[in-house]
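In what follows, chains are A, B, ... by sequence order, proteins preceding strands, each numbered from 1.
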Number of protein chains: 2
Amino acid sequence: MVTQAQVEDFILNGHKEYIPHVSLDCAIFGYHEQQLKLLLIRHKAVDGWCLPGGYIKRTEKLVEAAARNVKERTGVDNLFLQQFKTFGDPNRAKFEEFDEDRWYEVLGVRVGRGNWLIDQTISVGFYSITDFSRTVLQPDMMSIECDWFDIDSLPPLEFDHNEMVREALHTMRIHLYHYPIGYNMLPEKFTLTEIHALYETLLGKKLDISNFPKKLIALGLLIKLDEKRSIGPHRSPHLYQFNKERYHEALRNGVVLS
Amino acid sequence: MVTQAQVEDFILNGHKEYIPHVSLDCAIFGYHEQQLKLLLIRHKAVDGWCLPGGYIKRTEKLVEAAARNVKERTGVDNLFLQQFKTFGDPNRAKFEEFDEDRWYEVLGVRVGRGNWLIDQTISVGFYSITDFSRTVLQPDMMSIECDWFDIDSLPPLEFDHNEMVREALHTMRIHLYHYPIGYNMLPEKFTLTEIHALYETLLGKKLDISNFPKKLIALGLLIKLDEKRSIGPHRSPHLYQFNKERYHEALRNGVVLS
DNA sequence: GTATTATTTAGTAAAAACTACTAAATAAAT
DNA sequence: ATTTATTTAGTAGTTTTTACTAAATAATAC
């Protein structure tokens with residue numbers, strides 16, 4: 001639970017703990033059973049939805065700040081997390097629309113125009129992917145709501161966040177061909193059909209079911225187990241798991257998936 | 001010419017014109033006759049070499065700040081310019097080594113620890129490519145020297161700039177397969193041998209001379225002219241030029257070169 | 001003019017990769 | 001034992017890539 005004192009301290013003294021003029025925004029993609037969603041939040045003092053974001057502590061690395069932010073919103077750790085682009089445009093937030101009275105009303109603190117939060121920021125964009133069924137959402141102290149939205153029916157977003165989502169999705173889909181993905185999104189042991197559905201959903205297009213797994217297996221990323229899973233009146237699929245070493249080696253050095 | 005008054009104004013009042021805590025660094029690659037070089041500068045108050053960089057005016061976009069920076073250093077406009085990564089690590093610059101007396105000595109201004117220049121910054125990395133024979137180098141006001149270095153024999157760089165160069169080169173080489181390149185680096189009309197040499201040098205590897213141009217021609221990026229160039233006692237090569245429309249369309253939407 | 005020369009560049013054969021499709025295998029249910 | 005639905009190995013056809021060959025050709029030397 002966030003207390004009023006904490007909110008006040010953040011607003012009035014946050015610039016001592018965080019680096020001013022720099023923020024980060026996270027496009028957190030959520031996958032589950034062939035659905036792709038995006039996490040959005042609603043700020044107390046802003047009408048529409050936007051990407052979750054935050055500030056960078058003076059003591060932490062950029063990627064650590066992003067990981068902390070994702071963890072705070074979703075409750076989940078250790079996700080696939082990548083920088084995609086940094087945004088800086090004097091018009092990306094409209095400070096002329098800043099309404100001091102409204103901020104006082106909703107936050108209970110008088111935030112002046114000189115406050116560190118009411119100033120131009122450069123924002124570093126990260127994206128992340130998680131299994132949304134395992135998450136426990138938690139808005140940040142400046143927000144009232146936090147929810148998953150289907151990627152195909154997002155509301156219009158505030159600031160330059162529509163562009164951010166477009167860029168994040170684009171980068172994520174390119175990365176899918178160059179980095180292995182699946183940890184944290186699939187059970188420890190999974191079937192080829194499951195990982196196939198994951199890739200199809202993330203890429204937003206069909207992949208031939210019989211050709212798709214060949215490359216992954218040829219690259220040694222998947223280990224075929226001697227177990228099967230019973231899921232109906234038909235042949236039981238084999239279970240697979242990731243070859244952890246190869247997986248992390250591929251994460252570091254990249255692969256080519258097609 | 002930069003006056004002492006300008007230096008003082010930049011140091012003491014720069015934070016009003018520029019966004020504090022954010023900087024940018026540019027890996028400016030220079031190509032000419034099968035040589036690949038990198039532009040480095042030497043700060044007045046720092047011993048080693050580093051990437052040229054600068055700050056972002058409150059009125060300009062990120063990419064405009066980078067373009068301005070590249071133009072100031074090289075005198076050349078309108079180059080291929082791409083963001084590659086943003087760097088943020090509390091240890092990327094070592095402020096404990098900051099030597100107030102040395103700064104006074106070399107700059108003639110007393111720069112205190114509270115000064116905006118002596119504080120943690122997040123740096124946005126851009127890379128750019130130009131023909132180094134067409135450039136007129138110009139150090140920035142905080143530097144004494146500015147020169148091209150062969151990419152294979154760079155001096156060790158200050159701060160995290162070795163990592164930046166590694167990342168910039170890596171990104172540039174990936175981009176070569178996804179964006180057309182050559183404008184500003186080749187004459188208006190050029191031979192297949194010339195563009196082949198450009199790609200080989202930038203990629204740092206051999207490309208089969210007889211297969212290389214096929215994809216570029218098939219994509220319609222190159223227009224074969226009816227002119228030839230006389231350059232020796234042998235068959236004269238045809239001249240080509242870029243299909244401007246296709247070139248810019250490919251810059252926007254990307255291509256796949258292999 | 002003609003032969004020589006070095007390089008450009010069209011063409012092709014072989015190899016590799018990719019795609020679309022077929023059918024065998026198989027485990028649960030009846 | 002049979003039916004059923006799905007997994008997954010296999011393959012044939014296509015496309016792309018790669019490696020190589022040789023024809024074309026313009027400047028030079030004679």
Side-chain angles (χ1 to χ4, degrees), chain A residues 33-34 173-174 176-178 182 186-187 189-201 203-243 250 254-258, chain B residues 33-34 173-174 176-178 182 186-187 189-201 203-243 250 254-258:
Chain A
E33 288 177 355
Q34 311 189 41
R173 284 174 173 168
I174 287 174
L176 273 186
Y177 290 102
H178 297 283
L186 294 170
K189 299 168 179 180
F190 50 86
T191 68
L192 292 184
T193 309
E194 285 171 330
I195 192 173
H196 174 245
L198 170 68
Y199 270 82
E200 275 197 342
T201 307
L203 287 173
K205 68 178 187 188
K206 292 281 171 201
L207 298 171
D208 186 292
I209 174 69
S210 101
N211 293 319
F212 164 77
K214 290 173 187 170
K215 196 81 177 260
L216 284 175
I217 293 169
L219 285 168
L221 284 169
L222 294 183
I223 299 171
K224 189 173 188 169
L225 301 174
D226 268 346
E227 304 169 59
K228 302 182 177 190
R229 180 185 296 163
S230 300
I231 44 164
H234 52 71
R235 178 173 179 181
S236 300
H238 272 274
L239 287 175
Y240 287 77
Q241 66 181 28
F242 287 111
N243 179 332
V255 288
V256 178
L257 255 202
S258 183
Chain B
E33 288 177 355
Q34 311 191 41
R173 285 174 173 169
I174 287 174
L176 273 188
Y177 290 103
H178 298 282
L186 294 171
K189 299 168 180 180
F190 50 86
T191 68
L192 292 183
T193 308
E194 285 171 330
I195 193 173
H196 173 245
L198 170 68
Y199 271 82
E200 275 198 341
T201 306
L203 287 173
K205 69 178 188 188
K206 291 282 170 199
L207 298 171
D208 186 292
I209 175 69
S210 102
N211 294 318
F212 164 77
K214 290 173 187 169
K215 197 77 177 265
L216 284 175
I217 293 170
L219 286 167
L221 285 169
L222 295 183
I223 299 172
K224 188 174 188 169
L225 302 174
D226 268 346
E227 303 169 59
K228 301 183 177 190
R229 179 186 296 163
S230 300
I231 44 164
H234 52 72
R235 178 173 180 182
S236 300
H238 271 274
L239 286 175
Y240 287 76
Q241 67 181 27
F242 288 112
N243 180 332
V255 288
V256 178
L257 255 203
S258 181

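Atom CD1 of I217(B) is separated from atom P of dA10(C) by 7 Å (rounded to the nearest Å). Taking atom CZ of F212(A) as the reference point, atom C1' of dA20(C) lies 17 Å away to the nearest angstrom. Going from atom CD of E194(A) over to atom P of dT7(D) covers 10 Å, rounded to whole Å. F190(B) has its CZ atom 15 Å from the P atom of dT8(C), to the nearest Å. Across the protein-nucleic acid pair, H238(A) atom NE2 and dT26(C) atom C1' stand 10 Å apart, rounded to whole Å.
Under the 3.5 Å distance criterion, the side-chain polar atoms of H196(B) are matched with a main-chain donor or acceptor of L207(B).
For residues 227-237 of chain A, every residue pair satisfying the salt bridge (Lys or Arg N to Asp or Glu O under 4.0 Å) rule, not counting sequence neighbours, is listed here: K189(A)-E227(A), E194(A)-R229(A). Applying the salt bridge (Lys or Arg N to Asp or Glu O under 4.0 Å) rule to pairs touching residues 204-226 of chain B yields E200(B)-K206(B), sequence neighbours excluded.
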* Asked: When every nucleotide of nucleotides 16-21 of chain D is labelled 5' to 3' by its protein contacts under 4.0 Å (heavy atoms), B for base, S for sugar-phosphate only, - for none, what sequence of letters results?
  -> -SBBB-

All N/O pairs under 3.5 Å across the protein-nucleotides 27-30 of chain D interface:
residue, atom, partner, partner atom, Å
dA27(D), OP1, S230(B), OG, 2.3
dA27(D), O4', G232(B), O, 2.9

Between the protein and nucleotides 22-24 of chain D, which nitrogen or oxygen pairs come in under 3.5 angstrom?
residue, atom, partner, partner atom, Å
dA24(D), N3, R235(B), NH1, 2.9

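In this structure, T191(A) reaches neither bases nor backbone, as no heavy-atom distance under 4.0 Å exists between it and the strands shown.
Every residue meeting the ring-ring contact (aromatic ring centres under 6.0 Å, His included) condition with F242(B), not counting sequence neighbours, appears here in chain and number order: Y183(B), F190(B), Y247(B).
Side-chain N/O atoms of K228(B) include one lying less than 4.0 angstrom from OP1 or OP2 on dA26(D).
Side-chain contact between L192(A) and H238(A): absent, with no pair of heavy atoms (C-beta onward) separated by less than 4.5 Å. Taking the side chain as every heavy atom from C-beta outward, L219(A) and L257(A) approach each other to under 4.5 Å. Counting heavy atoms from C-beta outward, Y240(A) and I217(A) have side chains that approach closer than 4.5 Å. Residues N243(A) and L222(A) have side chains not in contact (no heavy-atom distance under 4.5 Å, counting atoms from C-beta outward).
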